[in-house]
Amino acid sequence: MECTPSRVLHIRKLPGEVTETEVIALGLPFGKVTNILMLKGKNQAFLELATEEAASTMVNYYTNITPHLRNQPIFIQYSNHKELKTDSALNQRAQAVLQAVTAVQTSNSSVTGTTGNENAISSAQSPVLRIIIDNMYYPVTLDVLHQIFSKFGTVLKIITFTKNNQFQALLQYGDPVNAQQAKLALDGQNIYNACCTLRIDFSKLVNLNVKYNNDKSRDYTRPDLPSGDGQPALDPAIAAAFAKETSLLAVPGALSPLGIPNAAAAAAAAAASRVGMHGVPAGGNTVLLVSNLNEEMVSPQSLFTLFGVYGDVQRVKILYNKKDSALIQMADGNQSQLAMSHLNGQKMYGKIIRVTLSKHQTVQLPREGLDDQGLTKDFSNSPLHRFKKPGSKNFQNIFPPSATLHLSNIPQNTTEDDLRTLFTNTGGNVKAFKFFQDHKMALLQMSTVEEAIQALIDLHNYTIGDNHHLRVSFSKSTI
């Protein structure tokens, strides 16, 4: 390791039958591989990366974690060569592999090398998995994924995102074999009892390019990355402290099928929320602080209805001295996490609201006989809680705010025109409408998410003839 940094790396003690593809795959997580020279007889190879920075990241990473190929430890150090000059005729096969791998990386599609498929990385050999989580009633965070997937090998990188209203992740191992083992073991498993089902496929990507280390993406090979978007980077020490905190909420169902202790899962959720970071175990926090509200328009009832989409709101207090802020107490810590992740940054009454975990443990009711102008309301006995019944269907229909709304409990004699008129009166435009077969349910699309939020606040539980109360929720479908 004493050599001066170079973008060419010298790899020793390679297993005899190792292929160019496997050696190239070692370098890919760190940057573009520009050349390779295999010295088969000596069980050695030279690998050239596009930049010295990529090479030094790779060497630094493998200083702490011994790299393995085919379950055998190998050794990586800087080479004395500053670049690889290879005889193209002798090195044709290696060049073909390199081209194939590069083509896969740039086009996302598998390209076969000159000497059969072993050279090209078909998606089944990719070290990158694409993970979709179905029935996500509890927040699943990057840390939870890292914890589960680390059981099968070293996780190098994770990127999480929402696509088609579904939480998805790309996760990269150091070795395609680990990806294969993880897929076999975990595909179709639930993270928590009866929910958060993992759907796993191989990605066509061979390498993930992570720009920021924060709660949405992480490159474990580069702890120096910025957190981006003004987000505080997650301090691993804090995350570890959370994981040790055992007094946090328990996810119903004792131990999850994947053996994640509830406290650790909750801790990961809390750590990833970037809130309560000062040693306060935020995982069990049921109280949210909502700020930047439109104080002319907002009421405890409207907050109860909107936040009630993600959990059973117990109490709401609009702050007397700061009427653009409110405290909202949910039934449990999972619900507050869910409401925060879905509603922070959404528009309510024309203003972008901010939702964070509060340091308060409960919302105090005003003292007997004290008039607080109706700013505090207790909803603990409300008949409108969506999640009172264990195993209720509503648990399966929790989606981020969307322009399309799902309507149910519609009386038989109510027409499409009636509903279009009703929803237009909330101040928005109805773009599309579709009844389900039995006419008791429908999908209705407003022109923006903000309009849909407004319509849900105004019309959820609206009495619509025959003593029917209309039920409104966000949908993942589009019309």
Side-chain angles (χ1 to χ4, degrees), residues 162 164-165 290 292-311 313 316 318 323-324 326 328 339 342-355 374 377 379 382-386 393-394 396-479:
T162 302
N164 306 333
N165 283 346
V290 188
N292 203 39
L293 292 163
N294 180 334
E295 52 187 277
E296 306 296 315
M297 306 287 289
V298 77
S299 66
Q301 184 63 47
S302 62
L303 290 167
F304 168 77
T305 305
L306 179 58
F307 281 74
V309 172
Y310 300 106
V313 175
V316 178
I318 293 172
K323 292 195 173 62
D324 70 345
I328 299 178
H342 285 314
L343 293 175
N344 181 38
Q346 296 289 350
K347 262 189 170 179
M348 180 183 184
Y349 296 122
K351 294 188 76 171
I352 292 175
I353 63 170
R354 290 277 154 247
V355 185
K377 240 185 137 180
F379 293 98
S382 168
L384 297 181
H385 286 155
R386 294 177 189 241
K393 260 231 174 91
N394 293 333
Q396 294 167 39
N397 295 311
I398 297 175
F399 301 112
S402 55
T404 307
L405 296 168
H406 180 275
L407 319 182
S408 57
N409 210 23
I410 302 168
Q412 281 297 303
N413 56 2
T414 302
T415 65
E416 176 177 333
D417 279 353
D418 294 339
L419 290 165
R420 278 179 176 269
T421 306
L422 188 62
F423 277 78
T424 306
N425 288 344
T426 62
N429 289 312
V430 175
K431 279 183 68 179
F433 182 93
K434 189 172 101 190
F435 264 122
F436 284 62
Q437 266 182 326
D438 62 1
H439 267 240
K440 287 181 187 161
M441 295 194 287
L443 290 177
L444 179 142
Q445 190 178 340
M446 304 298 286
S447 54
T448 64
V449 175
E450 187 187 355
E451 286 180 5
I453 289 174
Q454 187 59 55
L456 182 140
I457 289 170
D458 291 350
L459 294 174
H460 177 61
N461 201 45
Y462 180 84
T463 309
I464 181 172
D466 297 352
N467 204 15
H468 278 67
H469 292 273
L470 185 64
R471 295 184 62 80
V472 184
S473 47
F474 298 115
S475 169
K476 70 168 180 183
S477 311
T478 46
I479 308 172

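Keep in mind it's a predicted model, so treat the numbers as computed, not measured.
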List for me each residue that meets side-chain contact (heavy atoms from CB on, under 4.5 Å) alongside [X], sequence neighbours excluded, and say none if there are none.
X	answer
Asn294	Glu296, Met297, Tyr349, Lys351
Thr162	none
Pro400	Asn165, His342
His469	Asn461, Thr463, Asn467

Partners of [X] by side chain to side chain donor-acceptor pair (under 3.5 Å), sequence neighbours excluded?
X	value
Ser302	Ser299
Thr415	Asp418
His385	none
Arg386	His460

Start with the C-alpha distance between Asn409 and Lys440, add both sets of side-chain angles, then the distance that settles side chain to side chain contact (heavy atoms under 4.5 Å, CB included), and finish with yes or no.
CA-CA 6 Å; Asn409 210 23; Lys440 287 181 187 161; over 6 Å; no
Which pair of non-hydrogen atoms, one from [X] and one from [Y], has the smallest distance, and what is that distance?
X	Y	answer
Leu303	Leu293	CD2-CD2, 4.0 Å
Ala403	Ala452	O-CB, 3.7 Å
Val290	Ile328	CG2-CD1, 3.7 Å
Ser473	Leu456	CA-CD1, 3.7 Å
Ala339	Phe307	CB-CD2, 3.9 Å
Met446	Leu444	SD-CD2, 3.5 Å

Inter-residue atom distance [X].[atom1] - [Y].[atom2], 0.5 Å rounding:
X	Y	atom1	atom2	value
Ile353	Asp324	CD1	CG	12.0 Å
Asn292	Met348	CG	CE	12.0 Å
Leu306	Ile457	CG	CD1	4.5 Å
Ser382	Gln301	OG	CD	7.5 Å
Leu422	Leu459	CG	CG	4.5 Å
Thr404	Phe474	OG1	CZ	11.0 Å

Under the 3.5 angstrom rule, does the side chain of Tyr462 hit a backbone N or O of Arg471 as a donor-acceptor pair?
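No; zero donor-acceptor contacts below 3.5 Å.
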What pairs with His439 under ring pair (Phe, Tyr, Trp, His ring centres under 6.0 Å), at least two apart in sequence or on another chain?
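Listed in chain order: Phe435.
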Apply ring pair (Phe, Tyr, Trp, His ring centres under 6.0 Å) to Phe436 and list each qualifying residue two or more places apart in sequence or on a separate chain.
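Phe436 satisfies ring pair (Phe, Tyr, Trp, His ring centres under 6.0 Å) with His406 once adjacent residues are dropped.
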Full working for side chain to side chain contact (heavy atoms under 4.5 Å, CB included) between Ile410 and Leu470
CA-CA 6 Å; Ile410 302 168; Leu470 185 64; 4.0 Å; yes
Listed once per pair and sorted, the side chain to side chain donor-acceptor pair (under 3.5 Å) pairs that draw on residues 449-458, sequence neighbours left out
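For residues 449-458, and leaving out neighbouring residues, the side chain to side chain donor-acceptor pair (under 3.5 Å) pairs sorted by first residue read Ser447-Glu451, Gln454-Asp458.
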Side chain to side chain contact (heavy atoms under 4.5 Å, CB included) evaluation trace for Leu407 with Val472
CA-CA 5 Å; Leu407 319 182; Val472 184; 4.1 Å; yes
For atom NZ of Lys323, decide whether the heavy atoms of other residues, nucleotides or ligands shown that lie under 6.0 angstrom number more than 12.
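Yes, because the 6.0 Å sphere around NZ of Lys323 holds more than 12 heavy atoms from other groups.
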Validation: residues 423-434 side-chain donor-acceptor distances under 3.5 Å, sequence neighbours left out:
unit_1	atom_1	unit_2	atom_2	d
Thr424	OG1	Arg420	O	2.6
Asn425	ND2	Thr421	O	3.4
Thr426	OG1	Phe423	O	2.6

Go through it in stages, so that I can follow the logic: the residues are Lys347 and Ile453, the test is side chain to side chain contact (heavy atoms under 4.5 Å, CB included), and I'd like the CA-CA distance, side-chain angles, deciding distance and then a yes or no.
CA-CA 8 Å; Lys347 262 189 170 179; Ile453 289 174; 5.7 Å; no
